[in-house]
Amino acid sequence: MDTNINTINDNRNIKLDGTNNFRDLGGYIGYKGRRVKYRQLFRSDALHKLTDKDISWLEMIGLKTIVDFRSSSEIVDNEDKIIKKAKYYHLNPKAEVAQTASASLANDRNKIERLVKIANSDDGDSYFANHMDDMSEQMRRLISDDNAIKQYKKVMALIVDEQTPLVFHCRGGKDRTGIAALFILLALGVSKEQIYEDYLVTNSNNVERNKLRMNDYRSLTDNQKVLDYLYNLQLAKKEYLDAAFDQMIIMAGSTTGYLIDILEVTDEQLTELRIRYLD
């Protein structure tokens, strides 16, 4: 155990000063009952607020690769901190709904104005009734969209090529990051039940962050339909991951088929990944 970093949840949830949702994928039970190795594969929210202490720890564990799923507009003025010897990859799967859920306050005013205008229109009630499941549809697009698939293929290739320790992140570390975690854990033979567990941890990690975000929203509008819609987007819900799994089955017949046929991870590579990243 590293004494300068507080960890909980079986050493998986890593409390860095500059993040809310930095986690180790180690410890889950994978193929043939073998555990995913610690300190190799990490998921996180954005890394632009890392402290010197955080950076020292990441350099100490030998972090080799940083994958940033944020859009260019999300990165402006919020660039990831530099980690010595780590290579940076910007792989944007273009998740507009996820960006809405995690956008900065600087981008909120236009977003709120647009949503309030819709809420006050004659079609406002029906609009929000029909869009409360937007995140499920976003998750389906992250599974099916050609550009998103291209970006996630690159992540899998980095892991195959042993560019680890590796951390992948978006802004809040929930959906774009959650899909990458889903693929990696599936490749290592981790059960769906544990993948759901991993996804839903974001809710407890982001409680304070989400409170602050909702306070920001309330400073811009008191329209309850808009506030309910935005709150719903911030959550990690089982239904969102249900949609992702369902889309994988639609496209490839099985989750393993999706890894092999869509992400182009071969049987031989799956075997090798399990040798490298399982104890």
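Everything numeric here is computed off the predicted structure, so don't read it as measured data.
Not one N or O on the side chain of Lys64 forms a donor-acceptor pair closer than 3.5 Å with the backbone of Pro165. Between the Arg34 side chain and the Arg274 main chain, a donor and an acceptor come within less than 3.5 Å of each other. No donor-acceptor distance shorter than 3.5 angstrom exists from the side chain of Asp279 to the backbone of Lys37, with no hydrogens or angles considered. Side-chain N or O atoms of Asp24 include one that pairs as donor or acceptor with a backbone N or O of Gly26 at under 3.5 Å. In this structure, Asp145 contributes its side chain and Ala148 its backbone to a donor-acceptor pair below 3.5 Å. In this structure a side-chain-to-backbone donor-acceptor pair under 3.5 Å is missing from Arg171 to Phe69. At least one donor-acceptor pair closer than 3.5 Å links the side chain of Asn232 to the backbone N or O of Met132. A donor-acceptor pair under 3.5 Å is absent between the side-chain atoms of Thr19 and the main chain of Lys15, judged by distance alone. One N or O on the side chain of Gln194 and one on the backbone of Ile29 form a donor-acceptor pair closer than 3.5 Å. Judged purely by atom type and a 3.5 angstrom limit, Thr65 has no side-chain atom pairing as donor or acceptor with the backbone of Thr164.
The NZ atom of Lys150 sits 10.0 Å away from the CG atom of Leu91 when rounded to the nearest 0.5 Å. To the nearest 0.5 Å, atom CG of residue Leu233 and atom NE2 of residue His131 are 10.5 Å apart. Taking CE of Met139 as the reference point, atom CD of Glu239 lies at 11.5 Å (rounded to 0.5 Å). Rounding to the nearest 0.5 angstrom, the gap separating the OG atom in Ser44 from the CG atom in Asn20 is 8.5 Å. Note that the CD1 atom of Ile112 and the CG atom of Asn223 stand 9.0 Å from one another [nearest 0.5 Å]. Rounding to the nearest 0.5 Å places CD1 of Ile159 at 3.0 Å from CD1 of Ile184.
Looking at Tyr89 and Asp68, their side chains never bring a donor and an acceptor atom within 3.5 Å of each other. Side-chain contact check for Asp242 and Tyr196: at least one donor-acceptor pair (N or O, by modelled atom type) lies under 3.5 Å. Side-chain atoms of Ser56 and Glu59 include no donor-acceptor pair closer than 3.5 Å. Side chains of Asn78 and Glu74: a donor-acceptor N/O pair is absent below 3.5 angstrom, by distance only. For the residue pair Ser71 and Asn92, no side-chain donor N or O sits within less than 3.5 Å of a side-chain acceptor on the partner. For the 3.5 Å distance criterion, the side chains of Thr51 and Asp54 qualify, holding a donor opposite an acceptor. A donor-acceptor contact closer than 3.5 angstrom is absent between the side chains of Tyr240 and Asp133.
A chain of hydrophobic side-chain contacts below 4.5 Å, direct or via other Ile, Leu, Val, Met, Phe, Trp or Tyr residues, connects Leu47 to Tyr88. If you chain together hydrophobic residues whose side chains sit under 4.5 Å apart, Ile250 and Leu241 never meet in one group. Under the 4.5 Å side-chain heavy-atom criterion for ILVMFWY residues, a single connected hydrophobic cluster contains both Met60 and Ile55.
A heavy-atom distance below 4.5 Å is not found between the side chains of Pro93 and Arg141. In this structure, Tyr152 and Ile143 have side chains that are not in contact, with every pair of non-hydrogen atoms separated by 4.5 Å or more. Using a 4.5 Å heavy-atom threshold, the side chains of Leu227 and Met214 count as touching. Within the 4.5 Å cutoff, no side-chain heavy atoms of Asp122 are placed close to those of Tyr127. Between Val160 and Gln269, the closest side-chain pair of non-hydrogen atoms falls below 4.5 Å. Looking only at side-chain heavy atoms (C-beta outward), Lys153 and Ile262 stay at 4.5 Å or farther from each other. Under the 4.5 Å side-chain criterion, counting only non-hydrogen atoms from C-beta, Arg70 is in contact with His48. Val226 is not listed as a side-chain neighbour of Tyr217, based on a closest heavy-atom distance of 4.5 Å or more.
Under a cut-off of 6.0 angstrom, the local environment of CG in Leu212 is crowded, with over 12 non-hydrogen atoms contributed by other residues, nucleotides or ligands. Atom OH of Tyr231 sits in a sparse spot, with 12 or fewer heavy atoms from other residues, nucleotides or ligands closer than 6.0 Å. Enclosure of atom CG in Asp52 is not indicated, since only 12 or fewer non-hydrogen atoms of other residues, nucleotides or ligands lie within 6.0 angstrom.
A salt bridge links Asp246 with Arg140; the closest basic N to acidic carboxylate O contact falls under 4.0 Å. Salt-bridge annotation for Lys49 and Asp17: absent, with no side-chain N of the basic residue lying under 4.0 Å from a carboxylate O of the acidic one. The pair Arg276-Glu272 counts as a salt bridge, with a side-chain nitrogen and a carboxylate oxygen less than 4.0 angstrom apart. A salt bridge does not link Lys225 with Asp228: every distance from a Lys NZ or Arg NE/NH1/NH2 to an Asp or Glu carboxylate oxygen is 4.0 Å or more. Salt-bridge check for Arg218 with Asp222: failed, with every basic side-chain N at 4.0 Å or more from each acidic carboxylate O.
A pairwise comparison of heavy atoms in Leu273 and Ala187 identifies CD1-CB, 4.2 Å as the closest pair. Across all their heavy atoms, Gly257 and Ala252 have their closest contact at C-CB, 3.5 Å. Heavy-atom minimum distance, Leu166 versus Val67: CD1-CG2, 4.3 Å. Counting all heavy atoms, side chain and backbone alike, Leu200 lies closest to Ala236 at CD2-O, 3.3 Å. Ile249 approaches Ser254 most closely through the heavy-atom pair CD1-CA, 3.5 Å.
Checking each of Asp80, Asn21, Asp45 against His169 for a side chain to side chain donor-acceptor pair (under 3.5 Å) leaves exactly one that passes, namely Asp80.
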Query - Stepwise side chain to side chain contact (heavy atoms under 4.5 Å, CB included) test for Gln138 and Arg176 - result: CA-CA 9 Å; Gln138 175 73 93; Arg176 290 165 285 184; over 6 Å; no
Report task. Could you walk me through whether Lys174 and Asn203 pass side chain to side chain donor-acceptor pair (under 3.5 Å), step by step? Result -> CA-CA 9 Å; Lys174 178 170 73 79; Asn203 286 331; over 6 Å; no
**Report entry** Stepwise side chain to side chain contact (heavy atoms under 4.5 Å, CB included) check, Tyr28 with Ile195
**Finding:** CA-CA 9 Å; Tyr28 289 115; Ile195 292 171; over 6 Å; no
Requested in this report: Give the C-alpha distance, both sets of side-chain angles, the deciding distance and a yes or no for side chain to side chain donor-acceptor pair (under 3.5 Å) between Tyr229 and Asp134.
Outcome: CA-CA 9 Å; Tyr229 172 75; Asp134 276 357; 2.8 Å; yes
Report task. Begin from the C-alpha positions of Leu25 and Arg43 and carry the test side chain to side chain contact (heavy atoms under 4.5 Å, CB included) through to its verdict. Result -> CA-CA 7 Å; Leu25 292 186; Arg43 58 177 294 172; 3.9 Å; yes
Requested in this report: Test Val167 against Phe22 for side chain to side chain contact (heavy atoms under 4.5 Å, CB included), laying out the working first.
Outcome: CA-CA 9 Å; Val167 59; Phe22 194 105; 3.9 Å; yes
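Taking the six-membered ring wherever Trp is involved, the centroid distance between the rings of Tyr277 and Tyr31 does not fall below 6.0 Å. Taking the six-membered ring wherever Trp is involved, the centroid distance between the rings of Tyr258 and Phe183 falls below 6.0 Å.
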